[in-house]
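Remarks on the structure that follows.
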Protein chains: 2
Amino acid sequence: MDKKQLILDAALRLFVEFGFHDTPTSKIAKEAGVANGTLFYFFPTKDDLVKALYIDLKTKMGGCVAESISEEMELKEILRGFYKTSLTWALDHQPEFTFLEQFNNSPYARSIAKVEMDIYTRPLLSLLQNGIDEGKLKHMDADLIYAIVSGHTFGVHKYLSGKTFLREEAEQVMDETFDLIWKLISF
Amino acid sequence: MDKKQLILDAALRLFVEFGFHDTPTSKIAKEAGVANGTLFYFFPTKDDLVKALYIDLKTKMGGCVAESISEEMELKEILRGFYKTSLTWALDHQPEFTFLEQFNNSPYARSIAKVEMDIYTRPLLSLLQNGIDEGKLKHMDADLIYAIVSGHTFGVHKYLSGKTFLREEAEQVMDETFDLIWKLISF
DNA sequence: GTCTATAAGAGGATAGAC
DNA sequence: GTCTATCCTCTTATAGAC
């Protein structure tokens with residue numbers, strides 16, 4: 001397997017367990033089964049490694065969510081797709097999601113250009129704006145609807161990841177809570 | 001002023017700007033205007049300082065929220081009080097709130113006993129449970145309602161802190177969004 | 001591309017005077 | 001309680017062979 005990827009994988013595991021700080025590059029290299037110098041061949045600095053990991057995971061998650069959406073669908077079903085796919089990805093990739101959260105709430109987040117940050121929020125945002133303009137969604141600031149939907153998703157994720165559910169149970173919670181949030185934002 | 005508090009204040013400022021990692025104890029002492037050794041007199045290790053700061057801020061926020069609640073009130077108004085006070089505190093104490101988020105999403109969070117963590121969630125949780133039992137709130141898992149309300153609050157906070165609002169505007173958003181979430185959870 | 005060995009320095013923590 | 005001075009480890013990053 002690609003050593004670069006091995007390093008990213010090892011970094012993910014260690015960062016989630018010990019944090020950025022308490023994970024020396026030497027341990028990452030060891031965990032990845034590569035030499036210390038090899039890490040710095042691929043990632044000139046530790047910061048570069050952290051950022052690269054973030055971009056990598058963000059891209060993977062974004063790609064997965066985007067894949068699940070078809071242009072043909074009704075707004076409600078598009079949003080349900082977004083919602084369920086995001087939640088499912090987060091549940092199926094808990095370390096990845098934990099890292100993303102850790103990163104987003106750290107000063108590292110400021111080091112990623114804002115433009116780069118909302119590559120993944122923009123599509124959803126314009127979807128919501130269209131919904132508002134077409135009278136399908138409540139006449140509110142699109143940013144507010146976005147924030148509420150994100151917060152809701154976030155909260156439900158916390159609930160689902162805090163207990164152990166069977167697949168079908170989790171799925172049912174997702175559908176029920178989506179109906180709740182849809183009722184909240186739609187006319 | 002109390003040197004211990006000066007150190008906590010300085011640590012807050014620096015942690016929020018640079019993160020736990022990129023804030024050496026020497027800088028904290030300098031920023032606080034005390035000697036290096038003084039910091040270690042009050043906080044035996046850097047970790048102790050981080051945790052002490054967390055407890056300090058969590059207590060202050062919790063105290064402020066608890067203060068705003070009167071036993072006499074209707075459930076809806078109690079919850080509105082919780083909601084608005086939390087949001088207002090977070091908006092008025094952005095560095096403090098940022099630090100709390102940073103901490104909650106770091107491996108440090110695991111070092112705080114879980115019991116200690118939900119000192120502040122338990123009252124709200126039992127309030128919700130009562131509401132459910134009395135048929136005022138929807139017949140759902142109290143933990144789920146809690147997660148949804150938290151997520152909603154979190155989302156609205158993100159919205160409010162992301163733009164600049166006049167006091168009255170912010171207040172209006174709080175009231176409107178509370179009505180939305182109340183409608184979502186109540187019968 | 002990958003490794004080993006090592007330089008260079010930062011930063012947490014202590015000792016001991018006042 | 002507070003300060004100064006200092007130790008010493010741990011960690012990032014580089015040099016250079018293969």
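On a predicted model such as this, the values are computed, not experimentally measured, just so you know. By convention in this document, chain letters (A, B, ...) are assigned in the order of the sequence lines, proteins followed by strands, and residues within each chain are numbered from 1.
- A donor-acceptor pair under 3.5 Å is absent between the side-chain atoms of A/His157 and the main chain of A/Thr88, judged by distance alone.
- Qualifying side chain to side chain donor-acceptor pair (under 3.5 Å) partners for B/Asn104, counting only residues two or more places apart in sequence or in other chains: B/Tyr54.
- Residues of residues 17-41 of chain A having a heavy atom closer than 4.0 Å to DNA chain C, listed by number: A/Val34, A/Ala35, A/Asn36, A/Gly37, A/Thr38, A/Tyr41.
- With respect to B/Lys76 and B/Glu74, no salt bridge is recorded, no charged nitrogen being found less than 4.0 Å from a carboxylate O.
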Enumerate, atom names and distances included, each donor-acceptor pair closer than 3.5 Å involving a side-chain atom of residues 93-103 of chain B, sequence neighbours excluded.
residue, atom, partner, partner atom, Å
B/His93, ND1, B/Trp89, O, 2.9
B/Thr98, OG1, B/Gln94, O, 2.8
B/Gln102, NE2, B/Phe15, O, 3.2

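- Contact footprint of chain B on DNA chain D: nucleotides with an atom under 4.0 Å from a non-hydrogen protein atom, first to last in 5' to 3' order, D/dG1 to D/dT4.
- Under the side chain to side chain donor-acceptor pair (under 3.5 Å) criterion, B/Ser68 pairs with B/Thr85, not counting sequence neighbours.
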Kindly determine whether B/Glu176 and B/Gln172 satisfy side chain to side chain donor-acceptor pair (under 3.5 Å), including the steps that lead there. CA-CA 6 Å; B/Glu176 286 174 2; B/Gln172 199 188 335; 2.9 Å; yes
Under 3.5 Å donor-acceptor pairs involving side-chain atoms of residues 112-128 of chain B, not counting sequence neighbours:
residue, atom, partner, partner atom, Å
B/Asp118, OD1, B/Arg122, NH2, 3.0
B/Thr121, OG1, B/Asp118, O, 3.3
B/Ser126, OG, B/Pro123, O, 3.1

